[in-house]
Amino acid sequence: MAELEGQITLDEWMQWKEDIRRKLKETAGNFVYIGCRLRQIRDSGMLDGAADIFEFAQREYGLSKSTTSRFIAVNERFADPYNPLLIKEEFENIGSSKLSEMLTLPDSECALITEKTTVKEIRDLKAFNKEAETLENVEESTGAAVATSQQLDDEPEEKPADYTALQKCIIEYFQDKQTMLDKALEQIRGQRWKEAFETVNPSGYASCKKGLCFLFMYEYSRGVAYKLMTEQAPVNMSWEDYLKDIEEIYGQQSWEEFYGKTKEEPKKPEEPEKKEKQTQPEEPQKPEQRTIHSVEPSIPEPDPIPEEEPERTPKENTPEEPEQQLPGQMEVVNTDMDMEEVKEKSEDQAPDQVDILVKLDELKQYVCTENWRKFAEELDALLKIAKEKEDEA
């Protein structure tokens with residue numbers, strides 16, 4: 001087949017197109033491969049009638065302009081210079097989303113990123129760099145950097161002010177790791193460096209940002225690296241040197257002695273809850289109990305109900321009150337009997353006594369339903385009966 005402009009054959013061009021289509025359906029690890037093919041089509045000028053590579057990618061594959069731009073940029077930044085279809089070896093296990101975030105990082109900081117680094121950590125590092133750009137004159141004086149560090153850090157005032165930026169970051173890292181620090185300090189004081197490394201960094205990767213320092217901890221063979229706002233390039237150090245720095249901070253103190261905390265402190269917030277629980281059961285006892293005497297003082301207050309008497313006379317045979325009373329329920333003492341009970345007792349009592357008991361039962365119902373108008377009428381009638389009986393006597 002005849003060669004086209006740029007020494008590209010039609011077969012090659014068709015292969016590039018199909019490569020992109022196939023790789024889009026595969027894993028994100030093909031980001032560099034796709035970017036390479038897009039670059040080749042862009043550089044060949046064979047856009048199949050499209051105005052530019054972005055219109056071509058949108059029409060052929062449904063890719064947005066920003067996505068197409070990222071494919072090409074990732075390839076230009078992270079592809080193997082000897083084979084642009086492949087990614088550089090040091091980045092081959094890093095996902096495409098991380099590679100996209102790394103596009104604005106300098107090469108020295110890209111070296112800090114591993115497959116265990118998260119997208120959030122990369123964004124935090126980029127924000128850290130922007131924050132460094134806002135600091136004034138920190139590059140010229142270490143003293144100025146320390147002063148700025150003291151403003152950014154929120155260490156307690158009683159702590160020494162002469163810690164380095166790295167040491168302040170270490171203090172922040174161990175602030176909520178009591179068991180880890182106490183165990184590591186014991187191993188460090190015995191110069192058991194490998195054991196201390198496994199205690200401090202059990203997963204083989206960790207990071208921490210505090211003030212002027214962004215700290216990265218890797219495998220034992222790679223060591224530790226940290227980036228300072230006052231320095232352009234990250235600083236690398238061995239695990240042994242890093243662990244010695246930890247020992248210099250804490251000396252012979254334990255976690256509790258250094259941070260001034262106790263294990264019992266987390267229990268303090270529970271005390272107000274206990275007080276609330278103790279006061280809650282008292283609230284249902286507040287509703288006021290009512291009797292006929294409390295409504296009409298002219299009626300004598302009833303005698304208290306005897307507790308658990310095995311034998312009772314007919315006059316004392318008062319039904320037991322319920323064990324529990326609902327909040328807001330009105331209580332009528334010595335009148336808690338229904339009409340059927342009154343009728344049963346009427347057989348052994350005089351008619352006028354029965355009439356009074358019936359009236360009392362009606363009064364109880366009006367009190368319970370808070371029908372005060374009927375209560376007043378019936379009470380007036382009852383008082384008249386009582387007065388008549390008193391006159392007859």
Side-chain angles (χ1 to χ4, degrees), residues 94-95 97-139 142-157 159-178 180-181 184 196-197 199-220 222-239 241-250 255 258-259 261:
I94 298 177
S97 58
K98 297 178 188 179
L99 293 175
S100 297
E101 293 289 342
M102 293 165 58
L103 286 171
T104 56
L105 291 178
D107 290 342
S108 61
E109 294 181 17
C110 285
L112 296 172
I113 310 303
T114 72
E115 59 184 294
K116 294 183 179 180
T117 307
T118 65
V119 171
K120 181 182 181 304
E121 288 173 322
I122 299 174
R123 291 174 179 172
D124 287 345
L125 179 59
K126 292 162 67 175
F128 178 83
N129 291 336
K130 288 183 179 179
E131 192 176 347
E133 294 174 0
T134 64
L135 299 177
E136 297 179 359
N137 302 322
V138 293
E139 304 88 355
T142 305
V146 173
T148 307
S149 161
Q150 293 173 356
Q151 294 177 0
L152 293 175
D153 294 343
D154 55 355
E155 292 297 324
E157 294 181 0
K159 297 297 180 185
D162 56 352
Y163 289 125
T164 66
L166 172 61
Q167 289 174 331
K168 290 180 179 180
C169 193
I170 293 172
I171 292 171
E172 172 73 13
Y173 181 74
F174 286 110
Q175 189 167 7
D176 59 351
K177 299 175 176 63
Q178 179 175 2
M180 175 188 288
L181 179 60
F197 152 75
T199 298
V200 172
N201 191 24
S203 66
Y205 175 82
S207 70
C208 180
K209 180 172 72 72
K210 176 67 175 177
L212 298 177
C213 181
F214 205 130
L215 173 67
F216 294 87
M217 292 175 275
Y218 305 106
E219 296 289 348
Y220 190 79
R222 180 170 178 178
V224 175
Y226 60 94
K227 174 72 169 60
L228 297 176
M229 286 187 182
T230 55
E231 302 292 338
Q232 292 295 322
V235 179
N236 296 287
M237 62 191 307
S238 68
W239 266 100
D241 290 338
Y242 176 69
L243 295 171
K244 288 179 179 178
D245 223 353
I246 294 176
E247 184 179 22
E248 181 180 342
I249 296 170
Y250 298 99
W255 181 95
F258 183 85
Y259 290 99
K261 299 178 181 180

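The first residue of the sequence shown is numbered 1, and numbering continues consecutively from there.
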Can you check whether E115 reaches Y205 side chain to side chain, under 4.5 Å on heavy atoms?
no

What residues, two or more places apart in sequence or in another chain, satisfy side-chain contact (heavy atoms from CB on, under 4.5 Å) together with C169?
C208, K210, C213, L215

The criterion is side-chain hydrogen bond (donor to acceptor under 3.5 Å, both in side chains); which residues satisfy it with S207, sequence neighbours excluded?
E121

Any residue meeting salt bridge (charged side-chain N to carboxylate O under 4.0 Å, His left out) with E247, in chain and number order, not counting sequence neighbours:
none

Would you say that W255 contacts M180 through its side chain, given a criterion of any heavy-atom pair below 4.5 Å between the two side chains?
no

Which residue is it: V119, L125, I122? I am looking for the one with a side chain to side chain contact (heavy atoms under 4.5 Å, CB included) to M102.
I122

Check: L112 and T117 side chains under 4.5 Å, non-hydrogen atoms:
no

Contacts of Y250 that satisfy ring pair (Phe, Tyr, Trp, His ring centres under 6.0 Å) - sequence neighbours left out:
F258

Non-hydrogen side-chain atoms of Y259 and F174 separated by less than 4.5 Å:
yes

Distance (rounded to the nearest 0.5 Å) between L212 CG and T230 OG1
6.5 Å

As an exercise, state the distance from CD1 of I94 to OG of S100, rounded to the nearest 0.5 Å.
12.0 Å

Just jot down the side-chain contact (heavy atoms from CB on, under 4.5 Å) partners of K120, sequence neighbours excluded, or say none.
T118, D124

Give every residue pair that meets the ring pair (Phe, Tyr, Trp, His ring centres under 6.0 Å) criterion with at least one member in residues 101-127, sequence neighbours excluded.
none

Pairwise distance OH(Y173) to CD1(I246) - rounded to 0.5 angstrom
9.0 Å

What are the two closest heavy atoms between I170 and D245, and how far apart are they?
CD1-CB, 4.5 Å

I need the T164 OG1 to E248 CD distance, nearest 0.5 Å.
7.5 Å

Mind checking what makes salt bridge (charged side-chain N to carboxylate O under 4.0 Å, His left out) contact with R123, not counting sequence neighbours?
E101

Do N201 and W239 have side chains that approach each other closer than 4.5 Å (heavy atoms only, starting at C-beta)?
yes

Hits for salt bridge (charged side-chain N to carboxylate O under 4.0 Å, His left out) against E109, two or more places apart or cross-chain, chain-then-number order -> K227

Can you sort out the partners of F214 under ring pair (Phe, Tyr, Trp, His ring centres under 6.0 Å), two or more places apart, ordered by chain and number?
F128, F216

Those residues at least two apart in sequence (or on a different chain) that pass side-chain hydrogen bond (donor to acceptor under 3.5 Å, both in side chains) with S108 are none

What residues form a salt bridge (charged side-chain N to carboxylate O under 4.0 Å, His left out) with K177, not counting sequence neighbours?
none

D241: which residues meet the side-chain hydrogen bond (donor to acceptor under 3.5 Å, both in side chains) condition with it, sequence neighbours left out?
S238

Nearest heavy-atom contact between Y226 and M237 is CE2-SD, 3.8 Å

